[in-house]
2 protein chains.
Amino acid sequence: MGATPDNTDAGTPDDRHEHDVERFIEAWGRMGSVWGISRTMAEVHALLYITGEAMCTDDIMAHLEISRGNASMSLRALLDWGVIARVHRRGDRKEYFQAEQDIWSIFRAIVRERVKREVDPLLVSLHEIRDRTREHGDKPETDIDRRLDQMIVFFEDATRLADRFTGPSGSGLKLAASLLNASDKVVGRVGGRSSKRKGTG
Amino acid sequence: MGATPDNTDAGTPDDRHEHDVERFIEAWGRMGSVWGISRTMAEVHALLYITGEAMCTDDIMAHLEISRGNASMSLRALLDWGVIARVHRRGDRKEYFQAEQDIWSIFRAIVRERVKREVDPLLVSLHEIRDRTREHGDKPETDIDRRLDQMIVFFEDATRLADRFTGPSGSGLKLAASLLNASDKVVGRVGGRSSKRKGTG
DNA sequence: TATTGTTTTCAGAAGATTTTGAAAACAATG
DNA sequence: CATTGTTTTCAAAATCTTCTGAAAACAATA
């Protein structure tokens with residue numbers, strides 16, 4: 001496969017975009033950490049997403065210059081996250097992979113997975129801790145109890161919110177849209193510093 | 001998940017909670033990755049948050065069994081994130097540190113910081129890539145262009161949303177509250193399908 | 001069944017991140 | 001300015017994560 005030509009501008013649309021594709025892959029890969037996925041995994045996803053094509057393991061290995069093992073594991077993980085899908089081609093024994101194209105679906109899949117992996121276990125722990133604290137019965141409300149409660153309430157609200165976003169297809173989008181519109185009314189001008197009296201700080 | 005084989009209950013409320021404090025620190029530390037902070041940093045924050053007390057470096061070193069260097073760096077990072085504050089005590093040369101107690105403030109600080117560090121640079125890259133793509137002029141709309149656009153729109157919306165949440169004190173809370181209430185109307189009976197987080201695992 | 005093409009696995013290598021500890025820098029006081 | 005207590009820095013060590021590559025497993029075909 002042709003490496004980068006000396007002249008970054010090329011004739012055909014495909015060539016023209018080659019450089020941009022690389023740049024996108026790089027940017028998206030760097031971003032990986034935010035979503036809790038490794039750089040390579042993010043790059044594989046970037047490649048599949050931005051090209052929109054179905055690719056086999058060898059295509060991916062070649063394009064990203066990674067080992068077969070790494071490609072295999074990254075693809076598997078992306079399948080687990082539900083952001084890419086297997087594609088079969090008649091008369092071809094290889095498996096192909098294609099990225100989900102709707103960015104909202106991608107986002108929902110990631111949020112769903114992260115909440116499941118990170119927030120849910122935390123909530124379980126928090127509940128266990130609080131219940132143990134409470135079973136003493138006599139002293140229901142220490143400062144520590146109150147802080148635990150605060151935190152549980154917060155994360156339960158957050159989970160509920162995430163559930164809405166990741167709910168049935170389309171609702172997340174609608175929800176966000178309504179939020180972006182409605183919030184003006186609720187919050188007022190965002191830019192403006194509303195002269196609210198503040199509490200202790 | 002071993003419970004307590006021997007009875008760790010002690011008489012005083014302080015002793016009673018010691019074990020729970022440890023558990024909370026552990027849980028919160030494990031959570032760190034989600035927020036993009038290291039385990040120790042999260043543990044330092046957990047300790048300060050759950051006790052609510054102002055502590056000096058030595059207190060923290062002793063409690064978490066970490067080195068002075070580590071404590072110093074973690075505290076500095078937490079200060080940068082804006083989730084703890086310095087406290088001075090008359091006649092004491094040591095510095096003390098105390099955690100922000102309002103969990104919404106903590107959340108806002110973290111979101112603000114992460115957007116700044118991760119999303120903003122991505123958006124810059126995305127814009128650069130698209131602009132370069134566009135400057136060819138002749139073919140304004142390839143599939144790749146369209147996907148880049150999609151992504152830019154998405155992250156700009158997301159940033160705007162995050163800005164609202166992290167905006168003037170209190171508004172994030174109101175916004176979330178309104179969202180949790182309003183979303184029933186907007187989305188319809190999403191809750192119909194029970195979105196329970198429990199599960200057996 | 002043997003053959004051939006493809007995917008998965010996983011131990012060890014490579015790489016990245018976090019932690020330590022001791023020295024340097026800093027700052028308050030005598 | 002010397003002393004003493006405190007905080008910061010950073011090279012090296014420890015630890016954790018990711019990646020490789022070759023072997024094993026799998027699957028389609030003859």
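Here is the naming used below: chain letters follow the sequence lines, and residue numbers restart at 1 for every chain. Since the model is a prediction, treat every value here as computed from it, not as a measurement.
In terms of position on DNA chain D, the residue among B:Phe97 and A:Ala71 whose nearest nucleotide sits closer to the 5' end is B:Phe97. Positionally, the nearest nucleotide of DNA chain C for A:Cys56 lies more toward the 5' end than for the other of B:Ile37 and A:Cys56. Mapped onto DNA chain C by nearest heavy atom, A:Arg93 and A:Met73 fall at different nucleotides, with A:Arg93 at the one closer to the 5' end. Each of B:Arg86 and A:Arg39 was matched to the nucleotide of DNA chain D holding its nearest heavy atom; the match closer to the 5' end belongs to B:Arg86.
Counted by atom type alone, B:His63 and B:Glu22 present one or more donor-acceptor pairs between their side chains at under 3.5 Å.
Contact annotation: B:Arg76 side-chain N/O to D:dT9 OP1/OP2 distance is under 4.0 Å. Side-chain nitrogen and oxygen atoms of B:Thr57 include at least one within less than 4.0 Å of the OP1 or OP2 phosphate oxygen of D:dT7. Between A:Ser67 and D:dC19, a side-chain N or O to OP1/OP2 separation shorter than 4.0 Å is absent. OP1 or OP2 of D:dC19 sits under 4.0 Å from a side-chain N or O of A:Thr40.
Across the protein-nucleic acid pair, B:Arg90 atom CZ and C:dA28 atom C1' stand 16 Å apart, rounded to whole Å. For A:Asn70 and D:dT17, the CG to C1' distance is 12 Å, given to the nearest whole Å. The interatomic distance linking A:Glu95 (CD) with D:dA25 (P) rounds to 19 Å, in whole Å. Straight-line distance from the CG atom of B:Leu64 to the P atom of C:dT19: 11 Å, rounded to whole Å. A straight line from CG of B:Asp92 to P of D:dT6 spans 7 Å, rounded to a whole angstrom. Separating the CD1 atom of B:Ile60 from the P atom of D:dT7 is a distance of 10 Å, rounded to the nearest angstrom. Going from atom CD1 of A:Ile66 over to atom P of D:dT20 covers 7 Å, rounded to whole Å. In this structure, the NZ atom of A:Lys94 is 17 Å from the C1' atom of C:dT8, given to the nearest Å.
Note on B:Arg30 versus A:Glu118: no salt bridge recorded, every NZ/NE/NH1/NH2 to OD/OE distance being 4.0 Å or above. Between B:Asp149 and B:Arg146 there is no salt bridge, since no side-chain nitrogen of the basic residue lies less than 4.0 Å from a carboxylate oxygen of the acidic one. A salt bridge between A:Glu26 and A:Arg23 is absent, with no side-chain N of the basic residue lying under 4.0 Å from a carboxylate O of the acidic one.
Contacts of B:Ser38 with the nucleic acid, taken as non-hydrogen atoms under 4.0 Å apart, involve only primed sugar atoms and P, OP1 or OP2. Counting any heavy atom pair closer than 4.0 Å across all strands shown, B:Arg68 reaches a base atom.
Without hydrogens or angle criteria, A:Ser72 side chain to A:Arg68 main chain gives no donor-acceptor distance under 3.5 Å.
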